[in-house]
Amino acid sequence: MSVHVFDTMGTVVSLRTPAGPLDDAALESIEDVFRSFDRRFSLYDERSPLSRIARGDLALTAADAVVRETYALALDWRTRTDGAFTPHRPDGVVDLSGVVKALAMHDAGTELDRHSPDWLLTVGGDVLGRGSTDGSAWRVGVVDPDARDRLLGTATLSGTRRALATSGVAERGQHIWRRGPETFVQVTVAADDVVTADVIATAITAGDLEDLDRLTASADVDVVAVLADGTLRATPGARAWVGR
Amino acid sequence: MRSRALAGGVVASAAVLTLGWQIGAAQVSALNAASPVTNSAGSGSTSSGSATTAPSPSASSSSGSSSSGSSSESSSGSSSSGSSGSSGLSGSSSSASVSGTFDGATTQTQFGPVQVEIVVSSGKITDVKALQLTNDGGRSVQISNQAAPILRSEALTAQSASIQSVSGATYTSQGYMTSLQSAIDQAGL
């Protein structure tokens, strides 16, 4: 197993390729995908278009097409989640970090497909994979929110279910703006694509049990949610992750 | 019979079942009445339920054959006759110790015929499934993707799990240093 680790977007990327390391040019092209998203969308970099929009120096409508299309995508998800997911911070700033990490992972995955049939990409707790390792499906542990060195269970990336994303109150409390009292402390979502997994995880975490039921019914996802009272809920497809 | 059909209809609603998570005696008896196999002993008490307590996943069938007397062969969920107080079923378990798999009556839905099944462990519902029935009466996939309560199994230590990655709340570059992901990256797993 070859593991390539690098820093980007304020977090860390871990890339696994069972058949050995990718060549330098391939690794560079993958790191470039993340750097490119970061340059456009980082609110930590005052030169980024998103920072200029936040300051009022640049009109959103005057931003480049990628920024506008990404904003449109985020608005579409706001509609699809009935407002549980939103690109608008409570202070009015447009923050697209809720979709940008997953979009970067998606694009990096497309690039990875050109270089290897088997790979696993982990970015700040979100996972996207292709193929297998030593003939077995990729296995991903789900962190126990009560003890981050322990696992709630393990999920398997198989078939079309290639993406897993976890949203929670721990670690880095970004882009989750709750709509009411805290119902969930951690929500893990498996989906065929990583943007769906990430957005639905964020939306459920921000919402309540009604949002959970509505989103699991309307989106093609498997979900394990840890409630604030410590109990677990799992959809049929996610039960095997946590035993019982 | 009419009241039984009514009870079956109620039982067939997963919503009703999920509301009453702690199973009560009344619910047990309602379920027994609705289940084709279980026998409701006159009093409607919690006496049966043992009909499907066998270790096998589900002893229920659509035959209703275990009951004595009247019409019950159809798979419609019309349950066994109310007449006999005891059939071959052993009774007498109290609600606290009821365990097993219980099926509600079959109802027509937009998905076709659907039957609700619950799993009871020591008097508590541990699982609720909406089963879609195939044309020949068999079961097919669960149709509901609702996230139901699930018992937390023993937390795994990372050492005991064969994993290549960890999904958790987003960590910062600093947070990564002390994360499980960092550990398995260094181990080259």
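Hydrogens, waters and symmetry mates play no part in the numbers below; they use all other heavy atoms, side chains included. Each chain gets a letter, A, B and so on, in the order the sequences are listed, and its residues count up from 1.
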Study note, to complete from the structure: Exactly one candidate in A:Thr156, A:Thr188, A:Leu152, A:Thr154 meets side chain to side chain contact (heavy atoms under 4.5 Å, CB included) with A:Trp241; the answer is A:Thr188
Check your understanding: Quick one: what part of A:Val140 sits under 4.5 Å from any heavy atom of chain B, side chain, backbone, both or neither?
Key -> both
Practice item. Would you mind checking which part of A:Val187 comes under 4.5 Å of any heavy atom in chain B, side chain (CB onward), backbone (N, CA, C, O), both or neither? Key: neither
Review point. Can you say whether A:Ala137 sits under 4.5 Å from chain B via the side chain, the backbone, both, or neither, judging by heavy atoms?
Key: backbone
Review point. What part of A:Ala201 is in contact with chain B, defined as an atom under 4.5 angstrom from a non-hydrogen atom: side chain, backbone, both or neither?
Key: neither
Review point. Chain A heavy atoms under 4.5 Å from B:Ser182: which part of the residue, side chain, backbone, both or neither?
Key: neither
**Study point:** Carboxylate-amine/guanidinium proximity below 4.0 Å for A:Arg39 and A:Asp32
**Key:** no
Exercise for review: In plain terms, say whether A:Arg35 and A:Glu31 are close enough for a salt bridge, that is, a side-chain N and a carboxylate O under 4.0 Å apart.
Suggested key: yes
Exercise for review: Let me know if A:Val5 has heavy atoms under 4.5 Å from chain B in its side chain, its backbone, both or neither.
Suggested key: side chain
Exercise for review: Give a yes or no on whether a salt bridge exists between A:Arg161 and A:Asp192, defined as a side-chain N under 4.0 angstrom from a carboxylate O.
Suggested key: yes
Review point. For A:Asp220, is it the side chain, the backbone, both, or neither that has a heavy atom closer than 4.5 Å to a heavy atom of chain B?
Key: neither
Point to revise | B:Asp185 with A:Arg16: basic N within carboxylate O range, under 4.0 Å | key: yes
Review point. Does any pair with a residue in residues 127-137 of chain A pass salt bridge (charged side-chain N to carboxylate O under 4.0 Å, His left out), and if so which ones, sequence neighbours excluded?
Key: A:Asp113-A:Arg130
Check your understanding: Where on A:Leu164 is there a heavy atom nearer than 4.5 Å to chain B: the side chain, the backbone, both, or neither?
Key -> both
Review point. Of the backbone (N, CA, C, O) and the side chain (C-beta and beyond), which part of A:Ala219 lies under 4.5 Å from a heavy atom of chain B, both, or neither?
Key: backbone
Exercise for review: Please flag which part of A:Val3 lies under 4.5 Å from any non-hydrogen atom of chain B: side chain, backbone, both or neither.
Suggested key: side chain
Practice item. Kindly check if the number of other-residue, nucleotide or ligand heavy atoms within 6.0 Å of NE2 (A:His106) is above 12? Key: no
Check your understanding: With only heavy atoms counted, which part of A:Thr133 is less than 4.5 Å from chain B, the side chain, the backbone, both or neither?
Key -> side chain
Check your understanding: Does a side-chain N-to-carboxylate-O contact under 4.0 Å join A:Asp126 and A:Lys101?
Key -> yes
Exercise for review: Can you tell which part of A:Ala234 gets under 4.5 Å to a heavy atom of chain B, answering side chain, backbone, both or neither?
Suggested key: both
